[in-house]
Structure formats: C-alpha cells, structure tokens
Amino acid sequence: MRLYDSLTQNKREFIPRDGDHVTMYFCGPTVYNYVHLGNARPYVLSLVAKRYFESLGWSVTLVENITDIDDRIIAKAQAEGRTAKEVAEEFAAAYIEDTNQLGLGRPDMEPYATDHIAEIIDLVQRLIENGHAYVAVNGDVYYKVASFDTYGKLSKQRIEEMRHGARIDPGEDKADPLDFVLWKAAKPGEPAWESPWGLGRPGWHIECSAMGLKYLGEGFDIHGGGRDLIFPHHENEIAQSEGALGTDFVRFWVHNGMLNTKDEKMSKSVGNIFLLREALREYRPEVLVCFFVSSHYRSPIEFSKESLAKAGRQIERLRNVFRALADYTGSTADEVAPRAPQAMVDAPAGSASGDEALAEAVEAARRGFEQAMAEDLNTGGALGEVFMLAREVNSALGRRDVSVAAMASARDALTDMVFVLGLDAVARVGEEVPEEVLQLAADRRRAREERNFAEADRLRDAIAARGFEVRDVPGGFKVVPRQV
RNA sequence: GGCGCCGUGGCCGAGUGGCUGAGGCACGGGUCUGCAAAACCCGAUACACCGGUUCGAUUCCGGUCGGCGCCUCCA
C-alpha cells in the first residue's frame with residue numbers, strides 16, 4: 001500500500017519495518033475534560049488503519065497514550081479543589097467509556113504518562129548527556145532547540161522565523177525563547193516525582209517520545225495524530241527522540257485533518273465543541289464512524305447536523321441490504337445474532353448467469369475496495385465500492401436469479417468491507433422483534449388480503465407506535481426497528 | 001508576514017492527461033404497491049479564475065482569488 005508521510009510530504013510505498021508486523025503510535029488525549037467529536041477522528045483513523053493492515057495479513061501493535069499529567073489537569077484540579085490524579089482518573093475513564101461505544105475495539109496498549117516517569121527521566125538524562133538539554137537554575141530542564149540541526153523539519157519552519165515574536169514567559173528560565181521544557185520543577189501543591197534535578201514532573205511532549213520508544217522501539221512505522229499536533233508537539237517529539245537516539249524516530253508521520261464547525265476548527269479553546277458522549281446520545285455509533293470514513297482522513301471535514309443525518313441515511317441503506325441478504329440466505333455472516341423470523345418470503349430461485357454476474361460484481365467491489373484502501377487509506381472511495389456492490393445485490397435480490405450460495409458470498413464480501421471501515425454494526429441485523437409486533441404484522445397481512453385497508457393501516461400505526469416499521473415484500477412482509 | 005493543505009455538479013464526496021464524469025443524499029420521471037416504506041431503472045446540472053506545457057488538462061506547471069490549519073494550549 002501507499003501512505004502519505006507528512007515529513008517528506010509525499011506518498012510512498014508502505015512496508016512495515018518488521019516484515020509483516022506494523023508498529024503504530026497515535027497521540028491520545030490529555031485527560032482534563034471529556035473528548036469531543038474532533039478528538040475522535042484520530043482515534044477512528046488509527047483503528048480503521050489497524051483493521052485494514054490486519055486485513056492484509058499483517059499484525060499490528062497500536063499504542064495510544066493517555067497523558068494524565070499536564071498543566072491543564074493541574075489547573076482543573078486546583079479550580080475544583082481536587083487532586084490532579086482524581087481529575088485524570090475521572091476523564092481517562094470517561095474517555096475509555098466514550099470511545100468504547102464507537103465499537104471499534106481498543107488499541108493494543110494505552111499507556112499512562114505517570115506510569116513512565118522512570119523512562120521519561122532516563123530520556124531527559126540522555127539528552128542532557130548528549131548536550132541537547134540543560135538544567136536551569138530554577139530546576140527546570142529545557143531542550144536546547146539550537147542544538148538540533150533539523151529542528152523544524154516536520155512543520156517546515158525555520159528556526160530564525162520562529163524566533164521572531166517568540167518570548168520567554170514569566171516563570172520560565174530558558175536560555176533561548178525557542179527552547180521547550182522537558183521537566184518542570186515542582187511548585188507547591190503540584191504533583192511531583194523525584195528526579196536527578198529535584199522534585200518535578202514531565203513537560204508535555206516527552207511522554208510520547210518515552211512511551212513510543214519503549215513499546216515500539218526506534219524507527220517505528222507510523223506515528224499519527226491531528227494536524228494541529230505537527231507543531232509543536234510532534235516537532236518536539238522528533239527533536240527529543242532523535243536527539244537522544246541519533247537515529248530516525250519514525251518512518252511515516254500520519255496526520256488527520258481537522259473537524260470544523262462553520263469553517264472553524266472544533267476546539268476546546270474556541271468553545272464550539274460537540275462532545276463525543278453527547279453525539280453518542282443522538283446518533284448511533286456507526287453513524288459517527290460513517291461520517292468520519294466517508295471522507296479522506298487528511299481533508300478537513302465540516303461538522304453539521306445535516307452531515308450526520310446524511311451518514312444516518314447511508315447507514316440505514318447498508319443495514320437494509322444486510323437485512324435483505326439475511327432473509328435471502330437465511331443466515332447472517334456472523335453467527336452471533338440468530339435471525340428472528342421477520343420475513344415470510346418465497347424461496348430463492350437462482351440461475352447460472354445470475355450467479356456469474358454477481359460473482360463478477362463481488363470481485364470488482366473487492367478489488368476496488370482494496371485499491372482505494374491501498375492508496376493512502378482512501379476510505380471514501382472504499383465506501384463507494386460498498387455501495388456499488390450493495391446496489392448490485394439489491395438488484396439481484398429483486399430479480400431472484402441468484403443462488404443462496406452466490407448471495408452468501410456477496411454478503412461475506414460486504415461484511416468484510418464494512419468491518420474494515422469500522423461499520424460492522426450494520427451487518428448485525430438479527431434484530432429482535434417482539435412476538436406481539438410480529439402478530440400485529442401477521443394480522444395486518446390478513447387484513448390486506450381481505451382488502452380491509454383501514455384495518456391494515458391501523459395495524460401499521462400500532463406497529464409504528466411500538467417502534468417498528470412494517471414493509472411489504474413480495475409474498476410477505478418484513479418488520480424492522482424504526483431508525484433513530 | 002512565514003510555512004503547509006485545499007477549492008469537483010443542489011449538497012456531501014472519490015477520481016483521472018483523452019475512453020461511458022465513483023458513490024451517497026436531495027430533486028424529477030418510471031417500475032413495484034390498496035397506500036406507504038424499502039428496492040430497482042432512467043434523468044439534468046461539475047471540475048474557482050487566468051495563463052503555460054501538450055495533438056489534447058478537471059488532472060502537470062506558474063500566477064490570481066477564496067477557504068482552512070500551524071507559527072501560542074489544541075486531535
């Protein structure tokens with residue numbers, strides 16, 4: 001596959017460092033608040049990428065940090081009269097809970113910064129020994145930006161340019177305004193750890209260097225996160241890691257575009273945020289995932305209720321095709337959800353030419369899907385292939401000229417594709433329909449046969465009132481939950 | 001001001017040096033249907049603007065305009 005690398009600004013063939021094993025690190029949250037929809041984008045990207053790599057037969061180790069020590073956590077704790085640890089624990093738990101609902105699984109490791117103080121100290125120590133860092137009189141340790149020749153290579157900025165307007169804030173003890181803090185000397189009342197430089201705590205960027213290197217080793221495959229992390233966060237990670245190692249830190253830098261609202265970045269400081277947990281109250285998880293994967297990960301996307309509604313309709317269309325497929329084949333691809341007897345339809349016919357045409361469509365879709373994903377994870381294009389096959393399937397379903405076996409293989413192809421995109425929930429259509437509702441539907445069918453349409457319509461309303469929708473199909477009916 | 005990304009039809013959103021302009025939504029017309037829903041079939045409207053390269057550019061190059069991100073905490 002080909003992957004875009006923000007550092008070299010080109011797309012090139014991605015071959016894992018360790019044969020068929022992919023090593024990925026994505027920047028996770030700093031837990032001082034609930035995550036918003038914009039924060040969910042890199043999370044979704046990382047897990048979709050993992051699924052895609054696994055579909056290629058590679059194994060993946062995905063590490064996503066949780067930064068649980070930071071100025072903002074401390075500020076929030078002090079404002080609320082709690083400890084920083086309490087704040088961090090509360091929002092780390094909320095983060096896990098919210099992202100779990102997305103149904104994409106977890107990264108392989110989710111290390112906490114405060115569990116890696118020893119590794120952080122070790123890294124800072126090495127930077128001091130290498131001459132890339134210095135201890136200030138107030139006990140802070142700073143990275144000496146001027147000592148790192150290629151500083152600015154990721155954000156494409158020149159040190160001289162950055163020096164314009166840069167200044168040293170009160171309380172800082174830098175030799176150069178560009179220098180950034182690796183280790184902060186403790187102030188009274190702040191959480192602190194023992195170090196060679198006295199009590200203190202890590203700066204913002206160092207934990208990602210320390211944990212990335214610890215779990216994935218030097219020169220790991222992919223480091224990802226939001227575009228807005230390019231500077232200073234990722235630039236500084238490079239300076240720290242490469243300064244300490246003398247070798248390349250990462251092979252591919254992957255950055256997702258921003259989520260905008262009315263052409264402005266969704267951001268906590270702007271205050272235009274929509275929390276993930278709020279979104280999950282209004283929309284099914286797969287609708288949110290669909291919203292993200294319908295566009296390319298590097299493009300900015302516009303958040304609006306309309307675009308989420310649109311994603312909702314796409315999801316419903318996919319769910320419908322899986323429902324129809326389950327009825328036709330008498331089973332679902334996963335055996336997790338046994339089918340309820342929702343439909344009463346004629347037995348499928350099948351024909352050689354029908355089978356062949358569908359098999360071709362399946363092949364074309366699989367190929368198109370694979371090509372799209374192989375070209376820098378083009379999930380939007382891949383999703384188009386899913387819909388294309390969905391239409392072929394619906395069409396064949398209408399003609400009833402395909403064998404159950406051929407249809408099952410189309411269903412399996414669709415199941416595989418939606419899984420990679422993180423939309424596997426749409427394939428789980430073994431929806432339970434209460435006996436009562438099925439009875440109403442059967443009554444309605446009889447009323448229709450007797451051409452008592454007033455009664456039939458009344459029964460349909462009764463079914464709707466119970467949260468279901470009845471659809472007439474040739475030779476019978478189908479009951480599905482009403483879309484929310 | 002510096003650096004980077006981007007500008008595709010009513011909307012969202014793929015893609016490409018020329019072949020029949022993915023896909024979704026919306027809209028119009030049909031099929032099916034008591035009605036409806038679902039589904040299928042057909043349909044109009046593109047490639048910001050100006051130059052250049054080329055036999056030929058929406059696709060490559062340059063410029064203009066516009067949008068966004070970063071340069072300060074931010075996914």
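Scope of the values below: all heavy atoms of this structure, side chains included, with no hydrogens, waters or symmetry mates. Treat the numbers as computed from the prediction; the structure is a model and nothing was measured. Residue numbers start from 1 in every chain, and the chains themselves are labelled A, B, ... in the order their sequence lines are given, proteins ahead of strands.
- Taking the ring-ring contact (aromatic ring centres under 6.0 Å, His included) definition, one finds that A:Phe249 meets it with A:Phe220, A:His223, sequence neighbours left out.
- Which of B:rC35, B:rC71, B:rA75 sits closest to the side chain of A:Pro42 comes down to B:rA75.
- Side-chain atoms of A:Arg41 lie closest to B:rA75 of the nucleotides B:rC71, B:rA14, B:rA75.
- Among the heavy atoms of the strands, none lies under 4.0 Å from A:Gly368.
- Put simply, CG on A:Asn260 and NZ on A:Lys265 are 9.5 Å apart, with the number rounded to the nearest 0.5 Å.
- Here A:Asn320 lies in heavy-atom contact (under 4.0 Å) with sugar-phosphate atoms only.
- Counting non-hydrogen atoms under 4.0 angstrom, A:Arg444 reaches a base of the nucleic acid.
- In this structure, A:Ser155 reaches the sugar-phosphate backbone alone: every heavy-atom distance under 4.0 Å involves primed, P, OP1 or OP2 atoms, never a base.
- With B:rG69, B:rA38, B:rC73 as the choices, the nucleotide that has an atom nearest any side-chain atom of A:Lys265 turns out to be B:rG69.
- Annotation: cation-pi pair A:Lys305/A:Phe274 present, NZ/CZ under 6.0 Å from the ring centroid and within 45° of its normal.
- Closest to the side chain of A:Phe231, out of B:rG2, B:rA75, B:rC70, is B:rC70.
- Among the protein residues, A:Ser299 comes within range of the sugar-phosphate backbone only, with heavy atoms under 4.0 Å from sugar or phosphate atoms but none that close to a base.
- B:rU72 and B:rC3: their C1' atoms are spaced 16 Å apart (whole Å).
- For the residue pair A:Tyr52 / A:Glu370, a side-chain donor-acceptor distance below 3.5 Å is found, with atom types taken as modelled.
- Heavy atoms of A:His255 sit nowhere under 4.0 angstrom from any nucleic acid atom.
- Checking A:Arg12 against A:Thr8 by side-chain atom types alone, a donor-acceptor pair falls below 3.5 Å.
- The nearest whole Å value for the distance from the CG atom in A:Leu275 to the C1' atom in B:rA75 is 14 Å.
- Looking at A:Lys184 and A:Asp140, no side-chain N of the basic residue comes within less than 4.0 Å of a carboxylate O on the acidic one, giving no salt bridge.
- The residue A:Leu397 sits apart from the nucleic acid: no heavy atom pair falls under 4.0 Å.
- Classification of A:Arg313 and A:Glu316 as a salt-bridged pair fails, no side-chain N sitting under 4.0 Å from a carboxylate O.
- Within residues 385-396 of chain A, the residues that place at least one heavy atom under 4.0 Å from RNA chain B are, in residue-number order, A:Phe387, A:Met388, A:Arg391, A:Asn394, A:Ser395.
- The CG atom of A:Asp401 sits 15 Å away from the P atom of B:rC40 (whole-angstrom rounding).
- Taking every side-chain heavy atom of A:Phe453 into account, B:rG34 is the closest of B:rC71, B:rG4, B:rG34.
- Base engagement by A:Gly38 is indicated by at least one non-hydrogen atom pair under 4.0 Å involving a base atom.
- Where RNA chain B pairs in unbroken runs of 3 or more (Watson-Crick or G-U, both distances under 3.5 Å), the stems are B:1-7 with B:65-71, B:10-12 with B:23-25, B:27-31 with B:39-43, B:48-52 with B:60-64.
- For the atom pair OH (A:Tyr43) and CG (A:Asn256), the distance works out to 14.5 Å, reported to the nearest 0.5 Å.
- With B:rC73, B:rC35, B:rG13 as the candidates, the nucleotide lying closest to the side chain of A:Ser295 is B:rG13.
- Side-chain atoms of A:Asp71 and base atoms of B:rC73 include no donor and acceptor less than 3.5 Å apart.
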Distances under 3.5 Å between protein N/O atoms and the N/O atoms of nucleotides 60-62 of chain B, please, pair by pair.
none

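- Under the 6.0 Å distance and 45° angle rule, A:Arg471 does not count as a cation-pi partner of A:Phe477.
- Taking atom P in both B:rC47 and B:rG9, one finds a spacing of 8 Å when rounded to whole Å.
- Across the P atoms, B:rC49 and B:rG43 are found 26 Å apart, a figure rounded to whole Å.
- Contacts of A:Gln314 with the nucleic acid, taken as non-hydrogen atoms under 4.0 Å apart, involve only primed sugar atoms and P, OP1 or OP2.
- Among the heavy atoms of the strands lying under 4.0 Å from A:Arg317 are primed sugar atoms or P, OP1, OP2 only; no base atom is included.
- One finds no side-chain N or O of A:Arg163 lying less than 4.0 angstrom from the OP1 or OP2 phosphate oxygen of B:rC71.
- Nucleotide B:rA39 holds its C1' atom 13 Å from the CD atom of A:Glu469, rounded to whole Å.
- A distance of 4.0 Å separates CG in A:Leu389 from CG in A:Leu414, rounded to the nearest 0.5 Å.
- Put simply, the side chain of A:Thr379 gets close to the backbone of A:Val293: a donor and an acceptor are under 3.5 Å apart.
- Exactly one residue among A:His255, A:Lys153, A:His234 makes a side chain to side chain contact (heavy atoms under 4.5 Å, CB included) with A:Leu7. That residue is A:Lys153.
- Residue-level contact check: A:Val35 touches neither bases nor backbone, having no heavy atom under 4.0 Å from any strand.
- Checked against ring-ring contact (aromatic ring centres under 6.0 Å, His included), A:His233 has the following partners two or more places apart in sequence or in another chain: A:Trp204, A:His205.
- Among A:Tyr143, A:Phe231, A:Tyr142, A:Phe148, the single residue meeting the ring-ring contact (aromatic ring centres under 6.0 Å, His included) criterion with A:Phe180 is A:Tyr143.
- Which of B:rG34, B:rC68, B:rC74 sits closest to the side chain of A:Arg448 comes down to B:rG34.
- Between B:rC73, B:rA26, B:rC35, one nucleotide has an atom nearer to the side chain of A:Arg313 than all others, and that is B:rA26.
- Within 3.5 Å, no donor on the side chain of A:Asn378 pairs with an acceptor on the base of B:rG15, nor the reverse.
- Residue A:Lys156 has its side chain nearest to B:rG4 when only B:rC68, B:rA75, B:rG4 are considered.
- Side-chain atoms of A:Thr99 and A:Arg106 form a donor-acceptor pair, as typed in the model, at a separation below 3.5 Å.
- Using atom C1' as the reference point in both B:rA36 and B:rG23, the two lie 27 Å apart (nearest Å).
- Distance, A:Asp327 CG to B:rA39 C1': 13 Å, rounded to whole Å.
- Donor-acceptor pairing under 3.5 Å, judged by distance alone, is present between the side chain of A:Arg460 and the base of B:rC35.
- Here the side chain of A:Tyr328 pairs a donor or acceptor atom with the backbone of A:Val402 at under 3.5 angstrom.
- Of the listed nucleotides (B:rA75, B:rG2, B:rC68), B:rA75 has the atom at the smallest distance from the side chain of A:Leu229.
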Practice prompt. Between protein and nucleotides 5-10 of chain B, map the contacts as a letter string: B base, S sugar-phosphate only, - none, heavy atoms under 4.0 Å, written 5' to 3'.
Written response: S-----
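- With a 6.0 Å cutoff to the six-membered ring centre and a 45° limit on the axis angle, A:Arg2 does not count as a cation-pi contact of A:Phe14.
- Separating the NE2 atom of A:His296 from the C1' atom of B:rC68 is a distance of 16 Å, rounded to the nearest angstrom.
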